[in-house]
**Q** 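To start, I am sharing the structure in question, which I have written as structure tokens.
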Amino acid sequence: PAAVAEVLTAYGLNGAPERVAHDADQAAAAADALGYPVALKLVSATITHKSDVGGVILALEDAASVREAYGVLERRLSDLGRAGEFEGALVQRMIGAAYEGAIGMTLDPQFGPLLMAGLGGTLLEIHKDVAFRLHPLAREDAASMVESLRSRPLFDGYRAAAAADRAAFVDAILRVSALVGDLPEIVELDLNPVAVLAPGRGAIVVDARIRVGAA
């Protein structure tokens, strides 16, 4: 997590405040320092999709619940016969988002980096409300990706919902385009969810993974 955060921060893609813990007491101390509520997320070099193994526990409100959740993560992996893949837990302050987006990149064998942006969180695979463009992107390209989404009305505050910072989401897409242009060893990137806050408050990368290969 620290290596991914360092790369993203260098490109102005800021993440939620977080710390890695290697036992339950460290997790509780980290949560006290970060402020509640927090989420606890499995740290593992081999498990890509943490939620598939029950590796994400949300909305923890105090130190006792954090300690208990740390033990739950350990037991879940042990029950799956994968105890050796448990490397600790990421303690992350929870961010209230007006819109949950996703930004990604994969390499097309013919055309190179293919960028994706759209509705994120747990709804990504259900609704598949995403748009694709080839790298590199101009601001008009990134803006048109957002404009083409079925969920676009959510940025404007659909019905009683809060409006979201569309400009910040467009800016984050452009920053990802710059990142993959500068670093050809990145062969796959997934930022999901990206918490898009109220207008003027920006966007925060809540979860991220980067796969590297031969440049």
Side-chain angles (χ1 to χ4, degrees), residues 1-9 13-22 24 27 30-31 37-60 66 68-97 99-108 113-132 149 151 169 172-173 176 179-180 183 185-196 203-213:
V4 172
E6 184 176 1
V7 173
L8 297 180
T9 301
L13 292 158
N14 298 316
E18 61 187 28
R19 295 186 184 181
V20 174
H22 298 288
V38 299
L40 218 61
K41 301 179 180 182
L42 166 71
V43 174
S44 173
T46 55
I47 298 173
T48 301
H49 298 290
K50 296 179 282 292
S51 58
D52 290 349
V53 295
V56 179
I57 302 176
L58 303 176
L60 302 170
V66 171
E68 181 181 355
Y70 192 95
V72 169
L73 292 183
E74 287 187 301
R75 289 193 296 274
R76 284 176 178 172
L77 257 67
S78 180
D79 291 345
L80 292 170
R82 306 180 72 173
E85 298 175 72
F86 182 81
E87 299 176 16
L90 185 72
V91 185
Q92 186 180 72
R93 192 168 72 204
M94 294 193 67
I95 302 294
Y99 178 92
E100 280 198 340
I103 304 171
M105 186 278 292
T106 188
L107 282 180
D108 181 276
L114 180 65
L115 290 152
M116 178 277 291
L119 182 66
T122 56
L123 299 176
L124 173 62
E125 294 183 3
I126 296 174
H127 293 292
K128 296 181 172 58
D129 182 18
V130 295
F132 295 91
L149 299 174
S151 56
F169 191 49
I173 297 168
V176 170
L179 186 157
V180 301
L183 306 174
E185 60 268 39
I186 293 179
V187 297
E188 186 177 356
L189 177 147
D190 183 26
L191 312 182
N192 181 32
V194 177
V196 186
I204 303 293
V205 178
V206 177
D207 204 2
R209 64 185 181 91
I210 295 174
R211 186 165 66 89
V212 297

**Q** Side chain to side chain contact (heavy atoms under 4.5 Å, CB included) with Pro193: which residues, sequence neighbours excluded?
**A** Glu100, Val206, Asp207
**Q** NE2 of His49 to CZ of Arg209: how many Å apart, nearest 0.5 Å?
**A** 5.0 Å
**Q** Might you point out which heavy atoms bring Asn192 and Gly101 nearest each other, and give the distance in Å?
**A**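 It is OD1-O, 3.7 Å.
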**Q** I need the Asp190 CG to Met105 CE distance, nearest 0.5 Å.
**A**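 Result: 11.0 Å between the selected atoms.
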**Q** What are the two closest non-hydrogen atoms of Ala195 and Ala97, and how far apart are they?
**A**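 Heavy-atom minimum between the residues: CB-CB, 3.6 Å.
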**Q** Using the salt bridge (charged side-chain N to carboxylate O under 4.0 Å, His left out) rule, collect all pairs that involve residues 82-97, keeping only residues at least two apart or in two chains.
**A**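 Listed once each, the pairs are Arg82-Glu85.
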**Q** Out of curiosity, Leu90 CG to Lys50 NZ, how far, rounded to the nearest 0.5 Å?
**A**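 Here the interatomic distance stands at 8.0 Å.
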**Q** For the residue pair Leu107 and Leu114, establish whether any side-chain heavy-atom pair is separated by less than 4.5 Å.
**A**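 Heavy-atom side-chain distance check fails, nothing below 4.5 Å.
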**Q** Locate the shortest heavy-atom distance separating Ala39 from Met94; write the atom from each residue and the value.
**A** N-CG, 3.7 Å
**Q** How far apart are the closest heavy atoms of Val56 and Ser51, and which atoms are they?
**A** CG2-N, 4.3 Å
**Q** Could you go through Thr9 and Asn14, starting from their C-alpha distance and side-chain angles, then the distance that decides it, and tell me whether this counts as side chain to side chain contact (heavy atoms under 4.5 Å, CB included)?
**A** CA-CA 5 Å; Thr9 301; Asn14 298 316; 4.3 Å; yes
**Q** If we only count heavy atoms from C-beta on, is the Leu189 to Leu179 side-chain gap below 4.5 Å?
**A** yes
**Q** Taking only distance into account, with no hydrogens and no angle test, what donor-acceptor pairs under 3.5 Å do side-chain atoms of residues 73-80 form with protein atoms, sequence neighbours excluded?
**A**
{"unit_1": "Arg76", "atom_1": "NH1", "unit_2": "Gly54", "atom_2": "O", "d": "2.6"}

**Q** Taking the side chain as everything from C-beta on, heavy atoms only, tell me whether Ile173 gets closer than 4.5 Å to Leu115.
**A** no
**Q** State, with a plain yes or no, whether a side-chain heavy atom of Phe86 is found less than 4.5 Å away from one of Ile47.
**A** no
**Q** Rounded to the nearest 0.5 Å, what's the gap from CZ on Phe169 to CG on Leu149? Could you check?
**A** 7.0 Å
**Q** For Asp129 and Leu119, indicate whether the former's side chain and the latter's backbone hold a donor-acceptor pair under 3.5 Å.
**A**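 Between the backbone of Leu119 and the side chain of Asp129 there is no qualifying donor-acceptor contact (under 3.5 Å).
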**Q** Could you tell me which non-hydrogen atom of Tyr99 sits nearest to which non-hydrogen atom of Ser151, and how far apart they are?
**A** OH-OG, 2.8 Å
**Q** Would you mind reporting whether Leu183 and Ile210 have side-chain heavy atoms less than 4.5 Å apart?
**A** no
**Q** Between atom CD1 of Ile204 and atom CG of Leu13, what is the distance when rounded to the nearest 0.5 Å?
**A**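 So the gap between those two atoms works out to 10.0 Å.
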**Q** Sequence neighbours left out, what passes side chain to side chain contact (heavy atoms under 4.5 Å, CB included) with Ala208? Give chain and number order.
**A** Val4, Leu8, Leu191, Val205
**Q** Taking all atoms of both residues into account, what is the closest heavy-atom pair of Ala172 and Ile103, and its distance?
**A**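 It is CB-CD1, 3.7 Å.
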**Q** Under the side chain to side chain donor-acceptor pair (under 3.5 Å) rule, collect the residues that match up with Tyr70, sequence neighbours excluded.
**A** none
**Q** How many angstroms lie between CD in Gln92 and CG in Leu58, if you round to the nearest 0.5 Å?
**A** 9.5 Å
**Q** Please list, chain by chain and in numerical order, all residues satisfying side chain to side chain contact (heavy atoms under 4.5 Å, CB included) with Ala21, sequence neighbours excluded.
**A** Gln26, Ala27, Val91
